[in-house]
Amino acid sequence: MENQFITEEVEKIYDEVVNYRRYLHENPELSEKEYNTSKYIENYLNDLGVSYKKVADTGIYAYIKNGEGKNLAFRADMDALPIIEESGVDFSSKNTGVMHACGHDVHTSVQMGLVKLLVNNKDKWKGNVKFFFQPAEETVGGAKRMLEDGVNDDFKADALFGFHVAPEIECGKIGIKYGKLHASSATFTLTIKGKSSHAALAYLGIDAIVIGAKVVEYLQTIISRRVDARECALITVGTFNAGSAVNIVADKAILSGTIRTLDKNLRSYIINEIKEKLPLFVESLGASIDVDIKESYIPVINNDDKTKFLENNILDLFGKEGLEVITHSRMDAEDVGYFLEEIPGSYYRLGIKNEEINAIYDLHHPKFKVDERAIKYGLMMQFKNALEFLK
């Protein structure tokens, strides 16, 4: 009966939530500029009579108190990407050069629908629910900023559930991962300072390009020779800029890139290796180097108990055919890890793939497309999580 009730309640608002998603898709906003998106959600919450606070500038923390019980949190990110849309959908972005190519419009619209479902069915649950409408996932880490603004300080959440759309999973399936799901990250900029000379008199110079090439190799040996091969770690040099003319030995080279690990301590080790030992290596070649490293997101680590709870809900709601157990961690980063570090929870992947409508492109692709039936499955899943946890 409960699953039938969930299905019927979701069906009542499904078309409405699809329209929310299409509005958001047509009106995407970049990180820290989600002003219209935030206002759209505020107006929605006001219409429902739901309490909320503005946090992290463009973020919204909404909450519903409904008697004595446990405290549950949900999270949805809101920002879009600087991408020119090529999806061809009728509701393509009206903001040229900005696109919801990562599915945050789906995340936000599902959470909006979930708020309405819980408001309309207060007789079915008891306790308190938090809704984190989060800005700036793609850039500066809005999750951390929301926590610093106290979104979990008033009444501590006992659990958190959130999801990310998954173009690698068929629509109708939900992917779960026990333990480590996403990597931690850091970015670096390395500025090598050599000595310029005429190319014909190269022995009088200190070639920053040659040294830069050796630095690239040095960084890779950190992974291959100083990190346990059973650990997951990546160093990627994404840019290498040097030189001013074909006949001049370059006196400067600037390299930038990323560090990714599934463990914060391993990330710290690699950062220290680069900061402390790379300058000595470069100095041995006659040059100097400035090392600038900025730590980014922490790993996303799912709580085993909450993931088991999620798995049971998927099986009960959709059956075995609706479950996909993910065996390998992802090396991309996601700032929901800040929430999960403070609140035990599970972050899952909602299938959106459908070859028949060309919903096959990866996240951040200009032709990224969503099978909108996934909105229904996401709503059902989050509503199920709420009703089961807040019985």
May I have the step-by-step check of side chain to side chain contact (heavy atoms under 4.5 Å, CB included) for K353 and I169, ending in yes or no?
CA-CA 6 Å; K353 182 179 180 180; I169 297 176; 6.0 Å; no
Walk me through it: do K173 and E321 pass the test salt bridge (charged side-chain N to carboxylate O under 4.0 Å, His left out)?
CA-CA 7 Å; K173 288 181 174 288; E321 62 275 12; over 6 Å; no
Salt bridge (charged side-chain N to carboxylate O under 4.0 Å, His left out) between E148 and R145, worked out
CA-CA 5 Å; E148 289 171 348; R145 291 171 57 198; over 6 Å; no
Should M112 and V17 be marked as a side chain to side chain contact (heavy atoms under 4.5 Å, CB included) after you check the CA-CA gap, both sets of side-chain angles, and the distance that decides it?
CA-CA 8 Å; M112 291 171 67; V17 177; over 6 Å; no
Step by step, would you call T108 with F133 a side chain to side chain contact (heavy atoms under 4.5 Å, CB included)?
CA-CA 7 Å; T108 299; F133 290 94; 4.1 Å; yes
Could you walk me through whether I41 and S38 pass the side chain to side chain contact (heavy atoms under 4.5 Å, CB included) check?
CA-CA 5 Å; I41 296 168; S38 184; 6.0 Å; no
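Residue pairs meeting the ring pair (Phe, Tyr, Trp, His ring centres under 6.0 Å) criterion with at least one member in residues 292-311, sequence neighbours excluded, are F161-F309, F309-F389. Among residues at least two apart or in separate chains, there is no salt bridge (charged side-chain N to carboxylate O under 4.0 Å, His left out) pair with a member in residues 59-69. Listed by first then second residue, pairs satisfying salt bridge (charged side-chain N to carboxylate O under 4.0 Å, His left out) with a partner in residues 48-62 read E42-K54, not counting sequence neighbours.
Under the 4.5 angstrom side-chain criterion for Ile, Leu, Val, Met, Phe, Trp and Tyr, V210 has no cluster partners at all.
Summarising the geometry of S197 relative to A202, their closest heavy-atom pair is OG-CA, 3.8 Å, with the distance given to 0.1 Å. Smallest separation of non-hydrogen atoms from I375 and V106: CG1-CG1, 4.1 Å. Nearest heavy atom pair, residue P135 against residue T58, reads CB-OG1, 3.2 Å. A386 approaches F74 most closely through the heavy-atom pair CB-CZ, 3.8 Å. Residues I248 and S196 approach most closely at CG2-OG, 3.3 Å, considering heavy atoms. Residues L266 and A233 come closest through the heavy atom pair CD2-CB, 4.0 Å.
Under the 4.5 Å side-chain heavy-atom criterion for grouping Ile, Leu, Val, Met, Phe, Trp and Tyr, Y14 is connected to F5 within one hydrophobic cluster. Hydrophobic clustering of Ile, Leu, Val, Met, Phe, Trp and Tyr side chains at less than 4.5 Å, counting indirect connections, unites I64 with L117. A single hydrophobic cluster is not seen to contain both I235 and M331; linkage of ILVMFWY side chains at heavy-atom distances under 4.5 Å, directly or through other members, places them apart. Residue M78 is not grouped with residue V151 when hydrophobic side chains (ILVMFWY) are merged at heavy-atom distances under 4.5 angstrom, including chains of intermediate members. The cluster map of Ile, Leu, Val, Met, Phe, Trp and Tyr, joined by side-chain heavy atoms under 4.5 Å apart, puts Y61 and V336 in the same cluster.
A distance-only check finds a donor-acceptor pair linking the side chain of N27 to the backbone of Y23 [under 3.5 Å]. Remark: side-chain polar atoms of D371 are not paired, donor with acceptor, to backbone N or O of A359 under 3.5 angstrom. A distance-only check finds no donor-acceptor pair linking the side chain of T307 to the backbone of Y178 [under 3.5 Å]. Distance alone, capped at 3.5 Å, places no donor-acceptor pair between the E8 side chain and the I6 backbone. Remark: the backbone N or O of A159 is not paired with any side-chain donor or acceptor of K70 at under 3.5 angstrom. Remark: side-chain polar atoms of S329 are paired, donor with acceptor, to backbone N or O of K180 under 3.5 angstrom. Between the side chain of D290 and the main chain of T191, no donor-acceptor pair closer than 3.5 Å is present. With E29 contributing its side chain and T37 its backbone, the two residues share a donor-acceptor pair below 3.5 Å. No donor-acceptor distance shorter than 3.5 angstrom exists from the side chain of E170 to the backbone of G351, with no hydrogens or angles considered. Within the 3.5 Å criterion, the main-chain N or O of L387 finds no donor-acceptor partner in the side chain of K124.
A distance of 11.5 Å separates NZ of K306 from CG of N302, quoted to the nearest 0.5 Å. One finds the NZ atom of K126 at 11.0 Å from the CG atom of L390 (value rounded to the nearest 0.5 Å). For the atom pair F383 CZ and I13 CD1, the distance stands at 8.5 Å (nearest 0.5 Å).
At most 12 non-hydrogen atoms from other residues, nucleotides or ligands lie less than 6.0 angstrom from CD1 of I84. At most 12 heavy atoms of other shown residues, nucleotides or ligands fall within 6.0 angstrom of atom NZ in K94. For K144, the NZ atom counts as loosely surrounded, since its 6.0 Å shell holds 12 or fewer non-hydrogen atoms of other residues, nucleotides or ligands.
No hydrogens or angles considered: nothing links the side chains of K369 and N354 as a donor-acceptor pair under 3.5 Å. Checking S93 against E85 by side-chain atom types alone, no donor-acceptor pair falls below 3.5 Å. Counting only N and O atoms by type, the side chains of T261 and S184 include a donor and acceptor under 3.5 Å apart. A donor-acceptor pair shorter than 3.5 Å can be found between the side chains of N152 and E342. Donor-acceptor pairing under 3.5 Å is recorded for the side chains of D79 and S31. There is no side-chain donor-acceptor pair under 3.5 Å between N19 and E16. Q134 and D335 are linked by a side-chain donor-acceptor pair at a separation below 3.5 angstrom, with hydrogens and angles left out of the test. Side-chain contact annotation: N120 with E9, donor-acceptor N/O pair under 3.5 Å absent. Between Y347 and R75, the side chains place a donor N or O and an acceptor N or O closer than 3.5 Å (distance only, hydrogens not considered).
With salt bridges taken as basic N to acidic carboxylate O contacts below 4.0 Å, one links R330 and E168. The pair R22-D90 does not count as a salt bridge, with every side-chain nitrogen at least 4.0 angstrom from each carboxylate oxygen.
Results of the ring-ring contact (aromatic ring centres under 6.0 Å, His included) test with H107 over F163, Y348, F132 single out F163 as the only residue that passes. Partner F131 forms a side chain to side chain contact (heavy atoms under 4.5 Å, CB included) with one of L118, L45, I60, L72 and no other, that one being L118. When each of L262, L340, D332 is tested with V300 by the rule side chain to side chain contact (heavy atoms under 4.5 Å, CB included), just one qualifies, namely L340.
Looking at residues two or more places apart in sequence or on another chain, you find a salt bridge (Lys or Arg N to Asp or Glu O under 4.0 Å) between K264 and E341.
Residues Y20 and Y44 bring their aromatic ring centres within 6.0 Å.
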Under 3.5 Å donor-acceptor pairs involving side-chain atoms of residues 277-288, not counting sequence neighbours:
unit_1	atom_1	unit_2	atom_2	d
K277	NZ	E273	OE2	3.2
S284	OG	F281	O	2.5

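Ring geometry, H164 versus H104: the interplanar angle exceeds 60°, so the pair is classed perpendicular (tilted spans 30 to 60°).
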